[in-house]
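Structure, as structure tokens:
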Amino acid sequence: MKKLIPLSVAVAVGLIMRWSVQAADEHKDDAGEVTVKGEVLDMACYLDHGAHGEKHAQCAATCIESGLPVGIKGEDGKTYLLIGEHKPLNKTLAEYAGKTITVKGKLSSRDGINMISNAEIEK
């Protein structure tokens with residue numbers, strides 16, 4: 001009986017810790033609606049060699065139009081992958097390559113990657 005009490009306490013503590021970590025992860029992975037202002041990027045060139053800005057705008061538009069991932073470099077310093085409602089936004093966003101726009105949508109983050117889904121351009 002004396003061995004059962006410490007074992008029961010250890011199991012209970014383990015379960016409580018597991019539930020609290022799961023709850024924290026659920027909140028961290030889904031932060032809800034956000035609005036982000038920043039530069040539209042083609043993610044391939046940006047991640048590969050840091051290409052962005054007006055000098056890269058035409059190349060970025062070409063890359064985005066061809067289907068490469070599109071994102072936004074927010075004024076908050078974070079970069080976000082942008083997608084529509086389970087579909088690419090490339091045709092909509094290509095004309096904004098290298099330009100600053102504001103988008104809103106649902107923020108998800110996992111393993112250091114940020115994504116705004118159901119993204120819409122704020123007018």
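Only heavy atoms go into these numbers, but all of them, side chains included; no hydrogens, no water, no symmetry mates.
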Under 3.5 Å, side-chain donor or acceptor atoms of residues 87-101 against the rest of the protein: list the pairs with distances, not counting sequence neighbours.
residue : atom : partner : partner atom : Å
Asn90   : ND2  : Ile64   : O            : 2.8
Asn90   : ND2  : Leu68   : O            : 2.7

>> Asp42 vs His56, test: side-chain hydrogen bond (donor to acceptor under 3.5 Å, both in side chains). Steps then yes/no.
In response: CA-CA 9 Å; Asp42 89 88; His56 183 69; 2.8 Å; yes
Tell me which donor-acceptor pairs under 3.5 Å the side chains of residues 69-83 have, and how far apart each pair is, sequence neighbours excluded?
residue : atom : partner : partner atom : Å
Lys73   : NZ   : Tyr46   : OH           : 3.0
Lys73   : NZ   : Gly77   : O            : 3.3
Asp76   : OD1  : Lys78   : N            : 2.9
Asp76   : OD2  : Tyr80   : OH           : 2.5

>> When you measure from the side chain of Glu122 to the backbone of Lys104, do you find a donor-acceptor pair of N or O atoms at a distance under 3.5 Å?
In response: no
>> Ignoring hydrogens, what is the shortest heavy-atom contact between Glu33 and Lys106? Give both atom names and the distance.
In response: OE2-N, 4.1 Å
>> Let's go through Ile116 and Val103 carefully: what are the C-alpha distance in whole Å and the side-chain angles of both, what is the deciding distance for side-chain contact (heavy atoms from CB on, under 4.5 Å) to 0.1 Å, and is it a yes or a no?
In response: CA-CA 9 Å; Ile116 299 175; Val103 295; 4.2 Å; yes
> Just wondering, more than 12 heavy atoms not from His86 lying within 6.0 Å of its NE2?
Replying inline: no
